[in-house]
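Right, one structure below, let's go through it.
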Amino acid sequence: MNDPHIESLVYGVEASADNISYGDPPPVEFQNSIGHFRLEDGVLTVEIAEHFADAESARHVVEQYLRSWIVQTDLTANPGQIEFTYQTANVIDRDPPPPGPGNVISAVGAASMVAVTCNATISIQCNKYPDPPSEFSTTSDVEVFHARWLQFRNGKEPLQSMAYFILDNLENRPGGRKMVAQQFGISRKILDRISVLSSRKGDALTARKSDHMEMIGQEYSWLEQAVKRVILRVGEHASGAALTKLTMADLPNLD
């Protein structure tokens, strides 16, 4: 093969969570800078826009995007609702020996990208595939925040410690809370409330301060939703999307 070119990559698609299944979802088809994507009957085919001479290089680019798809779905739908398992790379020779056309070679791999499952017991049947990300990208921060959020969802970490860690991580940079609000387009009121609820609210086993107070009303559910929204906002900022300011009106009522 004189000039190998990765024409497309193929992935199997299913839910990784035991309690989630797909019915008969309609196909999903779209195009972005990576290439043309078509997801149908549990198979995703990605026709690559750029030239890659080997499958590993092509997979690195494609699977960064697929990882964003997994994390976005975990945060906006159900953890474990989608996973991608690499199956095949379709390779052509752009400079075949004369006189015939280039050969097409299928390279099969076994690696997978697995979305971590949740511990929910309610069975969920999905009638559509999760929306692909257009304004969300994972970063090292997003990956860490997502992992801590999953620990909370799986009952392995209190909500308060997870929320406190994420806020402290963002604010432990030049400019502190003021810069976080400006950079990510998040109201200071949201950040201030997360700070109070994550550090001074809870019981003897969950509060981070000894002079804690019990959570009242909708404070627990508000904190859960607010932190999830902050993680999403960090990924939205990483994508370069134009951000509208996230305000208290975008979150559940605390009353």
Side-chain angles (χ1 to χ4, degrees), residues 17 19-20 70-81 115-122 124 130 135-136 138-139 141-173 175-238 241 243-255:
N19 64 307
I20 301 177
I70 290 171
V71 174
Q72 177 182 272
T73 300
D74 281 357
L75 293 168
T76 60
N78 302 290
Q81 187 166 324
V116 180
T117 62
C118 59
N119 289 329
T121 56
I122 299 174
I124 301 171
E135 297 184 342
F136 180 86
T138 56
T139 64
D141 285 334
V142 172
E143 289 287 358
V144 171
F145 298 164
H146 172 250
R148 294 292 292 261
W149 179 79
L150 284 176
Q151 284 192 160
F152 154 69
R153 280 295 304 264
N154 291 330
K156 297 179 180 179
E157 180 175 8
L159 169 63
Q160 290 93 323
S161 66
M162 179 270 291
Y164 186 92
F165 172 86
I166 291 173
L167 183 62
D168 183 66
N169 184 290
L170 290 172
E171 294 182 349
N172 193 24
R173 309 171 191 198
R177 188 171 301 178
K178 180 179 180 181
M179 184 56 65
V180 173
Q182 293 175 348
Q183 180 178 358
F184 297 104
I186 303 173
S187 166
R188 278 290 299 268
K189 290 183 178 180
I190 292 177
L191 300 176
D192 291 344
R193 187 62 62 91
I194 291 175
S195 177
V196 170
L197 294 180
S198 64
S199 62
R200 297 194 174 277
K201 287 297 188 91
D203 56 30
L205 297 178
T206 59
R208 294 189 57 85
K209 301 288 186 179
S210 59
D211 57 341
H212 60 83
M213 298 175 287
E214 294 287 340
M215 285 192 174
I216 59 173
Q218 302 300 313
E219 289 179 337
Y220 188 94
S221 60
W222 184 93
L223 180 59
E224 180 180 357
Q225 292 300 315
V227 174
K228 183 168 66 172
R229 194 64 191 83
V230 167
I231 301 172
L232 283 166
R233 176 48 58 98
V234 176
E236 291 163 357
H237 175 266
L243 304 177
T244 58
K245 189 172 184 179
L246 183 65
T247 70
M248 293 289 284
D250 298 309
L251 293 167
N253 197 325
L254 271 169
D255 296 334

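Side chains are part of it too, since the values below use all heavy atoms of this structure and drop only hydrogens, waters and symmetry mates.
- For the atom pair CG (L191) and CG (L167), the distance works out to 6.0 Å, reported to the nearest 0.5 Å.
- Here the CG atom belonging to L251 is positioned 10.5 Å from the NZ atom belonging to K228, to the nearest 0.5 angstrom.
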Before you tell me yes or no, could you show the steps for I194 and W222 under side chain to side chain contact (heavy atoms under 4.5 Å, CB included), namely the whole-Å CA-CA distance, both residues' side-chain angles and the distance that decides it to 0.1 Å?
CA-CA 9 Å; I194 291 175; W222 184 93; 3.9 Å; yes

Please walk me through it: do F184 and L246 pass side chain to side chain contact (heavy atoms under 4.5 Å, CB included)?
CA-CA 9 Å; F184 297 104; L246 183 65; over 6 Å; no

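- Around the CZ atom of R193, the shell of radius 6.0 Å holds no more than 12 heavy atoms that belong to other residues, nucleotides or ligands.
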Show your reasoning for whether side chain to side chain contact (heavy atoms under 4.5 Å, CB included) applies to H237 and Q183.
CA-CA 8 Å; H237 175 266; Q183 180 178 358; 3.5 Å; yes

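- For the pair L223 and A163, the tightest heavy-atom approach, listed with the atom from each and the gap, is CD1-CB, 4.0 Å.
- Using a 30° and 60° split on the angle between ring planes, F152 and Y220 fall in the tilted class, from 30° to 60°.
- When atom types are taken as modelled, the side chain of E219 and the backbone of I216 share a donor-acceptor pair closer than 3.5 angstrom.
- The shortest non-hydrogen separation linking Q81 to P130 is NE2-CG, 3.7 Å.
- For the atom pair Q72 CD and H146 NE2, the distance stands at 11.0 Å (nearest 0.5 Å).
- Looking at F136 and V142, their side chains come closer than 4.5 Å, going by heavy atoms from C-beta outward.
- Under the 4.5 Å side-chain criterion, counting only non-hydrogen atoms from C-beta, L170 is in contact with V234.
- Using a 4.5 Å heavy-atom cutoff, the side chains of Q218 and N253 are not in contact.
- Residues A238 and T139 approach most closely at CB-CG2, 3.4 Å, considering heavy atoms.
- Residues S195 and R177 meet the side-chain proximity criterion, which asks for heavy atoms closer than 4.5 Å.
- Atom CZ of R148 and atom CZ of F165 lie 5.0 Å apart (nearest 0.5 Å).
- Using a 4.5 Å heavy-atom cutoff, the side chains of I166 and N169 are not in contact.
- Side-chain N or O atoms of N154 include one that pairs as donor or acceptor with a backbone N or O of L150 at under 3.5 Å.
- The shortest distance between side-chain heavy atoms of M248 and L254 falls below 4.5 Å.
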Pair R233-D250, salt bridge (charged side-chain N to carboxylate O under 4.0 Å, His left out): steps then yes or no:
CA-CA 12 Å; R233 176 48 58 98; D250 298 309; over 6 Å; no

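- Note that the CD1 atom of I231 and the OG1 atom of T138 stand 13.0 Å from one another [nearest 0.5 Å].
- The minimum heavy-atom distance linking S187 with K245 is given by the pair CA-CE, 3.8 Å.
- With values rounded to the nearest 0.5 angstrom, I20 atom CD1 is found 11.0 Å from I122 atom CD1.
- For R153 and E224, the salt-bridge test fails: no basic side-chain N is under 4.0 Å from an acidic carboxylate O.
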